[in-house]
Amino acid sequence: MPTGSEWSRRGFLKQAGAGAGAVAFAPGALGAAAGQAPAPARGLAATPRSVHPTLNRRARGWLRFLWEKTTTPDDWGGDGMPHPWWDRYSNPVVTSYPRFDLQDSSYALLVMADQTPAWREVYTRIADGLATRYPTYWGAIDWLTQIGNDPRRANYPDAVMQGIPERLRGNYNRIGWTANGVEPWGLSPDPIGSEGNLFFRGWFNLVLSIYKYVSGDDKYERPFPVTGYGDEQFEWDHHRIAEFLEGQYRERPEGPHCENTKIWVPCNSAAGLGLYLYDRVYGRDRHRPVLGWLEYAKDNYMSVGSDGRLEWIANYYDPIVNHMSTAGAAAGVFDGMLLLPQDREFTEFLYESAANALGWNDPSVPVQPSPAGTLLAREFGDHTSLERLRAAAELAFEPKYFGDDDEMFGWWFGLNDGFPRGQLSAQMMLAEVGEADAWGRALEAPHLDKYAAPTVEGVDFPSLGLYQAWNDTDGGALNVGTYAAAPDRRGMETSWRVTNLPDPDDVYILCDGLPFSRFAVDGPGSIRIDGDIAQRHYQIFTGYRGESAEQADARRRLQRQAGASATAAGAALAARDRNGQSGTGGRGQARGQASTTLASEEGPTCACCVA
């Protein structure tokens, strides 16, 4: 697989810039066609029907855009600047930091990879591009630059002041101000080993858990640098981050702070989700104390009336000043998207509360688009709400193909940007990939046997792409669907490999239903297939019938051993740090504080929490 080439980006910036002037869909613009997709793309053909999972045209277009974003070099260090397509514009001063684009982009990537588990290399490269950018200066820029109390807090605009309790106005930091260094914690140079800043390390752990499941690689189980205050470097690894989070939840059943002093329900939901997936991938049990926080949240961060209906749910609680910012019954739907596998019954309650409050399943009530609502409507089989929410998004959110040959896809929201707006576009894509409960199933990490199963490798992406890569263990066949990811390369010759074969000498292949002979054994357990850049369907009869019970037990033992070994190594390193032998690692001795909210009666206004 190539590392990227000039032709793959030929004219991209010019095309994106030209597209920036496109007019958003006006109300009624689609008329009777509301809910239908835009005109078929010039470059990407429709995905053929199959009994096995596939990637649809929009998912393939989004995959190509994520590839461009993550493989295009840019500098996230203190002297650099992220590429403009990384979203640091949405919801100014709250989520207008590019790491929110990283974490949101990881969601649909997880689901896409789970639709095609026999092809990992492209998803691994993209996931690494997301994870590598996270522990940088620009990844933690708010924690590293918003030191002490906000010097402007006495002069906030009226709209900001309205979100602050009257007794605190002029002496309280707005939401989004991290206030690293405020007492009683003091300055915490390490953005991970701090008391607050949960929204950094909690989501980072989720991104790393997604990377591990997508790739099977141990890259982030090994120590890596994290940029801290004053460019000081701290050393962490995935297991130590998870262990640190678990410890915080054991010590604080009310939940760790996001911005210091503020315990946000969405941030804790995301941190819990990261630990949930971590446990599924590594065979551990670090998520257990999060269940205690969830029960605490049900008792303290929401109110249910005598009729059993949700009355309000907290955005955040500040225990220092005893202030809770609350929102109406519709506000819990984003939390539900993150809580789904952690407590499915509670998530359904939050979804139904939002659906009833906003009239999603009432045809007489106009609806507004909701990325999280669309996703959960699909997850819970609420087809009426799903169709109405999808139609609303098609009208209001400007879905559009772009690029030289319309080979990329995103949501533009009528913002006249040069690129699809990252955070909300990524959230919208989550409901575009797969079917039914694809998000919930992916978070259970169901394909842990894929690392030893027949696997497609060496695909010349982004010239050639795969819309399908699925091992049918009943039939003993690997189903591979190819397409021209770069339409201007259509018809050119290419080759790719299949590895992890039980017996490569016994492989038989059909291509588009006909016998195919252009392949050869090229190594132990692998074959090379010579084909073309075109839409094809290969049935590669490998004889693979899935892992045996003994193999599954052995895999789980290795997972647990690897996690335990890494934890022991991390404990030794932390002990060394406490003894003053290193400036990196464990829980920082200095802490930080800060923040405040602007939530309305109808719910939160920030992109990370909006319904």
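Values reported hereafter were calculated over all heavy atoms of this structure, with side chains retained and with hydrogens, waters and symmetry mates removed.
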Query raised in the report: Does a side-chain N-to-carboxylate-O contact under 4.0 Å join Glu121 and Arg125?
Result: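 Looking at Glu121 and Arg125, the cut-off is not met.
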Query raised in the report: Got a salt bridge between Arg57 and Glu432, using NZ or NE/NH1/NH2 to carboxylate O under 4.0 Å?
Result: no
Report task. Evaluate the ring planes of Phe461 and Trp119, with Trp represented by its six-membered ring, and classify them as parallel (under 30°), tilted (30 to 60°) or perpendicular (over 60°). Result -> perpendicular
Report summary line: Residue set satisfying ring pair (Phe, Tyr, Trp, His ring centres under 6.0 Å) with Trp138, at least two apart, ordered chain then number -> none
With sequence neighbours left out, write down each residue that passes side-chain hydrogen bond (donor to acceptor under 3.5 Å, both in side chains) with [X], or none if nothing qualifies.
| X | result |
| --- | --- |
| Arg201 | Ser194, Gln248 |
| Asp279 | none |
| Ser209 | His238 |

Quick check against the 3.5 Å criterion: does [X] have a side-chain atom that pairs as donor or acceptor with the backbone of [Y]?
| X | Y | result |
| --- | --- | --- |
| Glu398 | Gly414 | yes |
| Tyr89 | Pro84 | yes |
| Arg133 | Gly129 | yes |
| Thr54 | Tyr467 | no |

Could you tell me whether [X] sits above the aromatic face of [Y], with NZ or CZ closer than 6.0 angstrom to the six-membered ring centre and within 45 degrees of the axis?
| X | Y | value |
| --- | --- | --- |
| Arg240 | Phe244 | no |
| Lys69 | Phe419 | no |
| Arg99 | Phe199 | yes |

Report task. Quick one: list whatever passes side-chain contact (heavy atoms from CB on, under 4.5 Å) with Ala242, sequence neighbours left out. Result -> Asn205, Leu275, Tyr278, Arg286
Query - Thr482: side-chain contact (heavy atoms from CB on, under 4.5 Å) partners, not counting sequence neighbours - result: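 Listed in chain order: Leu464, Leu466, Val480, Trp496, Arg536, Tyr538.
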Between [X] and [Y], ring centroids under 6.0 Å:
| X | Y | result |
| --- | --- | --- |
| Phe65 | Phe409 | no |
| His83 | Trp76 | no |
| Trp203 | Tyr134 | no |

